[in-house]
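Everything on this sheet refers to the single structure shown next.
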Amino acid sequence: MRNLLISFTKAVCLTGLLLLAGCSDKDKDKAKQQPVPFINQDRFGRYDSIGNLGGKPVSIPDGVILYEVHYVGDLGDFDASKKAQKYKRPPITYQLPIKSFGLFYRLTDGALMSDKEQTEIDYLNDNKTLIPEGKPFPWGHMIVYNLVSPKQFKNYNHRFRNILKSSKESWDFEYSKQKNKVFGLTYYQANNGIDPSTNQPWTDNIAGRDLYIYRDANNNIKTLILCDVVGQVQLCEHDFFISDFQVKVNINYNRTYLKLWRQTEKNIAAILDSWVVTNDGKLIKKQAGKI
C-alpha cells in the first residue's frame, strides 16, 4: 500500500510538472513573439514613456510628463463600464500609438518643467512669487495630441469658420478682420472691440476674445490663437499643427508672451524631435528635459 501511494504521489507530481512545463513553454513562445523593448532611463533610474507619435518611435523622459501618457484605445479615467473593466492595454512598444500627454513649457527660454530638476524648483518658485503679485507667469500648460486617423483635421479651417458662425448666432456679434497684422498673425477683433449688448468696450472675456490666425503657403490655417481682452490675468489659448510631425499642440499662457508665438512653435517642434529614437529605442539626439 505504501509503495502504491508513493507511485501515485510521483505520478501526480510528474503530471503537475508537465503541466507547468507546458505553460512555461507557452509563456516562452509569447515572450519570443513580444520581446520586451529596450527603454531608456534618466539619472534617477526612472524609465522613459515610449510609443509612437506622429508615425515616429519616441522615448519621452519620465520627469517632464504630467500624470501619464495616454495611448490610443485607453478608456477614460472615470469610466466604470463593463467594457472598461475588461479592457487590457496592448503591450507598450515603440509601435503603440500615443493618444496624448501633458507638459509644462517655459515661454521665456523654451525649457520644460522636469520633476526633481532645477526647472521644478523654478516652476514652484514662480508660482509662489509671481502669481500673488499679478506678474506674468512664464509657464504654459501644454497638451500634445497624436493624429492617427486620416479623418482628423490637419488644419483649423473648419474651426475658424465655426468660431465666426457661432459668435454671430450665440453672442450676436461678428469678428472683423483688422488692417494690420499683430506679430505676423492675421488679427480678428470681436465686433471691433465693442460689446453689442452694451455698446461699450468688452467686459466679458469669454465672448469677445481676440482671434489670431496664421495660414501656410496653401492658405490653410495652421495656427489659431484666442486671447482674453479683459481681466486681471489675460490668457491665450494657442493651437497649432507641426509640419514635421502628424501632431497638434494646445498650449495656454499669459498674453504677455503672445509675441513669442512663432518661437514657441519652433521650440516645441524641436523638443518633440529630440525624443525620436530608432525602432529599437536607441537615442538619436540629446533628449529635451533630461540632464
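Count residues from 1 along the sequence.
- A donor-acceptor distance shorter than 3.5 angstrom exists from the side chain of Asn254 to the backbone of Thr256, with no hydrogens or angles considered.
- Residues forming a side chain to side chain donor-acceptor pair (under 3.5 Å) with Glu120 (at least two apart in sequence, or on another chain): none.
- The side chain to side chain donor-acceptor pair (under 3.5 Å) search around Ser197 returns Asp195, not counting sequence neighbours.
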* To do: Show your reasoning for whether salt bridge (Lys or Arg N to Asp or Glu O under 4.0 Å) applies to Arg255 and Asp210.
  => CA-CA 11 Å; Arg255 181 166 180 153; Asp210 284 342; 2.8 Å; yes
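- Pairs passing the side chain to side chain donor-acceptor pair (under 3.5 Å) check and including a residue from residues 257-266, sequence neighbours excluded, read Thr223-Glu265, His238-Glu265, Gln263-Asn267.
- Gln152 places a side-chain N or O within donor-acceptor distance of the main-chain N or O of Ser149, the cut-off being under 3.5 Å.
- Asn127 and Asn125 are not linked by any side-chain donor-acceptor pair at a separation below 3.5 angstrom, with hydrogens and angles left out of the test.
- Using a distance-only test at 3.5 Å, with no hydrogens or angles considered, a donor-acceptor pair links the side chain of Thr119 to the main chain of Leu112.
- Taking Ile242 as the reference, Phe240, Phe245, Val247, Val249, Ile268, Ala269, Leu272 meet the side-chain contact (heavy atoms from CB on, under 4.5 Å) condition, with sequence neighbours excluded.
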* To do: Apply salt bridge (Lys or Arg N to Asp or Glu O under 4.0 Å) to the pair Lys99 and Asp74, showing each step before the final yes or no.
  => CA-CA 8 Å; Lys99 181 180 181 181; Asp74 284 357; over 6 Å; no
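- Under a 4.0 Å N-O distance rule, the pair Asp122/Arg106 qualifies as a salt bridge.
- In terms of the salt bridge (charged side-chain N to carboxylate O under 4.0 Å, His left out) criterion, residue partners of Glu174 (sequence neighbours excluded) are, by chain and number, Lys168.
- For Lys165, the side chain to side chain donor-acceptor pair (under 3.5 Å) test picks out no residue, with sequence neighbours left out.
- Of all heavy-atom pairs spanning Gly110 and Ile271, the tightest one is O-CD1, 3.8 Å.
- In this structure, the side chain of Ser170 does not engage the main chain of Ser167 through any donor-acceptor pair within 3.5 Å.
- A donor-acceptor pair is defined here as one N or O able to donate and one able to accept, closer than 3.5 Å; such a pair exists between the side chain of Asn157 and the backbone of Ile221.
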* **Derivation of the ring-ring contact (aromatic ring centres under 6.0 Å, His included) call for Phe38 and Tyr47** => CA-CA 10 Å; Phe38 167 80; Tyr47 287 95; 9.1 Å; no
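- Legend: residues meeting side chain to side chain donor-acceptor pair (under 3.5 Å) with Gln200, ordered by chain and number and at least two apart, are absent.
- Without hydrogens or angle criteria, Asp109 side chain to Ala111 main chain gives a donor-acceptor distance under 3.5 Å.
- The minimum heavy-atom distance linking Val69 with Ser49 is given by the pair CG2-CB, 3.7 Å.
- At least one donor-acceptor pair closer than 3.5 Å links the side chain of Asn146 to the backbone N or O of Asn52.
- Between the side chain of Asp126 and the main chain of Leu130, no donor-acceptor pair closer than 3.5 Å is present.
- Under a hydrophobic clustering in which Ile, Leu, Val, Met, Phe, Trp and Tyr are joined whenever their side-chain heavy atoms come within less than 4.5 Å, directly or via other members, Met113 and Tyr67 fall into the same cluster.
- Within the structure, every pair that satisfies the ring pair (Phe, Tyr, Trp, His ring centres under 6.0 Å) test and touches residues 143-163, not counting sequence neighbours, is listed here: Phe153-His158, Tyr156-Phe241, Phe160-Tyr188.
- When hydrophobic clusters are built by joining Ile, Leu, Val, Met, Phe, Trp and Tyr residues whose side-chain heavy atoms come closer than 4.5 Å, directly or via intermediates, Leu96 is not grouped with Val148.
- Evaluation of the salt bridge (charged side-chain N to carboxylate O under 4.0 Å, His left out) rule for Glu133 yields Lys135 as partners, not counting sequence neighbours.
- Between His141 and Phe104, a ring centre-to-centre spacing shorter than 6.0 Å is recorded.
- Ile98 places none of its side-chain heavy atoms less than 4.5 Å from the side chain of Val72.
- Linking Ile, Leu, Val, Met, Phe, Trp and Tyr residues whenever their side-chain heavy atoms come within less than 4.5 Å leaves Leu66 and Val58 in two separate clusters.
- Pro196 and Trp171 make their closest contact through CG-O, 4.2 Å (heavy atoms, listed as atom of the first residue, atom of the second, distance).
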Kindly list each side-chain donor-acceptor pair under 3.5 angstrom involving residues 282-291, sequence neighbours excluded, with atom names and distances?
residue	atom	partner	partner atom	Å
Lys285	NZ	Asp273	OD2	2.2
Lys286	NZ	Lys290	O	3.2
Gln287	OE1	Lys290	NZ	2.7
Gln287	NE2	Asp48	OD2	2.9
Gln287	NE2	Ser59	O	2.9
Lys290	NZ	Gln41	O	3.3
Lys290	NZ	Asp48	OD1	3.1
Lys290	NZ	Asp48	OD2	3.2

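- In the hydrophobic clustering of ILVMFWY residues, with side-chain heavy atoms under 4.5 Å counting as a link, Leu107 and Leu235 come out apart.
- Every residue two or more places apart in sequence or in another chain that forms a ring-ring contact (aromatic ring centres under 6.0 Å, His included) with Tyr187 is listed here: Tyr212.
- Grouping the Ile, Leu, Val, Met, Phe, Trp and Tyr side chains by contacts below 4.5 angstrom, directly or via other members, places Leu103 with Tyr71.
- Residues in residues 246-291 take part in no disulfide (SG to SG under 2.5 Å) pair, two or more places apart or across chains.
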